[in-house]
Amino acid sequence: MFGIGMPELVIILVIALIVIGPQKLPDLAKSLGKGLAEFKKATDDFKQTLETDGRTEEEKEHLAKLAEAKRKAEEEQAKSAEELRVKVEGTEAAPAAQAAKAKAEAEKTA
């Protein structure tokens with residue numbers, strides 16, 4: 001406990017007893033205990049807040065990665081659908097391809 005051994009603790013208690021007096025010493029010890037308990041509670045709350053903030057940042061990063069992956073998958077799906085349409089129809093659907101590109105770019109900027 002803070003590098004204080006039993007002999008040092010006894011000396012501190014004897015000096016406190018002499019300086020403060022036997023009537024006020026229990027009240028002082030009680031106040032000191034309450035103060036330490038409040039300090040510990042505040043420290044725990046602070047640690048919990050930091051952990052929560054850290055988790056929130058990780059979740060935001062994860063959601064951003066998922067959104068990017070979704071956007072890429074949609075672009076690939078649109079591209080493959082257009083290629084399939086061209087193969088099936090036998091003609092190049094230029095207006096539809098341009099519309100798909102414009103839609104993909106609009107989603108990319110959004």
Side-chain angles (χ1 to χ4, degrees):
M1 186 172 128
F2 305 114
I4 298 176
M6 190 62 163
E8 291 91 359
L9 190 59
V10 170
I11 291 172
I12 291 171
L13 289 174
V14 169
I15 292 173
L17 184 62
I18 292 170
V19 172
I20 297 171
Q23 285 87 15
K24 292 184 180 180
L25 190 60
D27 293 336
L28 180 67
K30 188 185 226 182
S31 298
L32 185 62
K34 285 182 181 180
L36 288 174
E38 288 178 16
F39 180 74
K40 185 176 187 248
K41 182 179 177 185
T43 304
D44 291 342
D45 287 345
F46 182 69
K47 285 180 185 177
Q48 186 178 11
T49 301
L50 289 178
E51 290 173 0
T52 303
D53 289 345
R55 276 188 255 130
T56 302
E57 290 298 321
E58 290 173 359
E59 289 171 359
K60 285 180 183 177
E61 291 173 6
H62 183 67
L63 287 175
K65 288 179 183 178
L66 287 176
E68 180 67 21
K70 178 184 175 193
R71 185 188 59 77
K72 286 181 181 179
E74 287 174 348
E75 287 177 1
E76 290 177 9
Q77 184 181 17
K79 187 184 284 185
S80 62
E82 185 60 33
E83 290 173 359
L84 183 61
R85 181 181 306 153
V86 168
K87 286 181 182 178
V88 169
E89 292 177 356
T91 61
E92 188 172 328
Q98 290 176 352
K101 279 185 180 179
K103 181 181 177 185
E105 289 178 13
E107 290 177 358
K108 187 176 183 180
T109 58

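All residue numbers in this chain count up from 1 along the given sequence. Only this structure's heavy atoms are used, side chains among them; waters, hydrogens and symmetry mates stay out.
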**Asked** For E68 and K65, what are the C-alpha separation, side-chain angles and deciding distance, and is it a salt bridge (charged side-chain N to carboxylate O under 4.0 Å, His left out)?
**Response** CA-CA 5 Å; E68 180 67 21; K65 288 179 183 178; over 6 Å; no

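- In terms of heavy atoms, L17 sits closest to P22 at CD1-CA, 3.8 Å.
- Between atom CG of residue L36 and atom NZ of residue K34 there is a gap of 13.0 Å, rounded to the nearest 0.5 Å.
- Two different hydrophobic clusters hold L32 and V19 under the rule that ILVMFWY side chains link at heavy-atom gaps under 4.5 Å.
- Expressed to the nearest 0.5 Å, how far CG of L9 lies from CE of M6 amounts to 6.0 Å.
- Looking at V14 and I18, their side chains come closer than 4.5 Å, going by heavy atoms from C-beta outward.
- Proximity of a side-chain donor or acceptor of E38 to a complementary backbone N or O of G35 within less than 3.5 Å is not detected.
- When E75, E76, E83 are each tested for a side chain to side chain contact (heavy atoms under 4.5 Å, CB included) with K79, only one passes: E83.
- Salt-bridge check for E82 with R85: passed, with a basic side-chain N closer than 4.0 Å to an acidic carboxylate O.
- In the hydrophobic cluster analysis, where Ile, Leu, Val, Met, Phe, Trp and Tyr join through side-chain heavy atoms closer than 4.5 angstrom, I20 is grouped apart from I12.
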Throw together a table of side-chain donor-acceptor distances under 3.5 angstrom for residues 44-63, partners on residues two or more places apart or in other chains.
residue: T49; atom: OG1; partner: D45; partner atom: O; Å: 2.9
residue: T52; atom: OG1; partner: Q48; partner atom: O; Å: 2.8
residue: T56; atom: OG1; partner: T52; partner atom: O; Å: 2.8

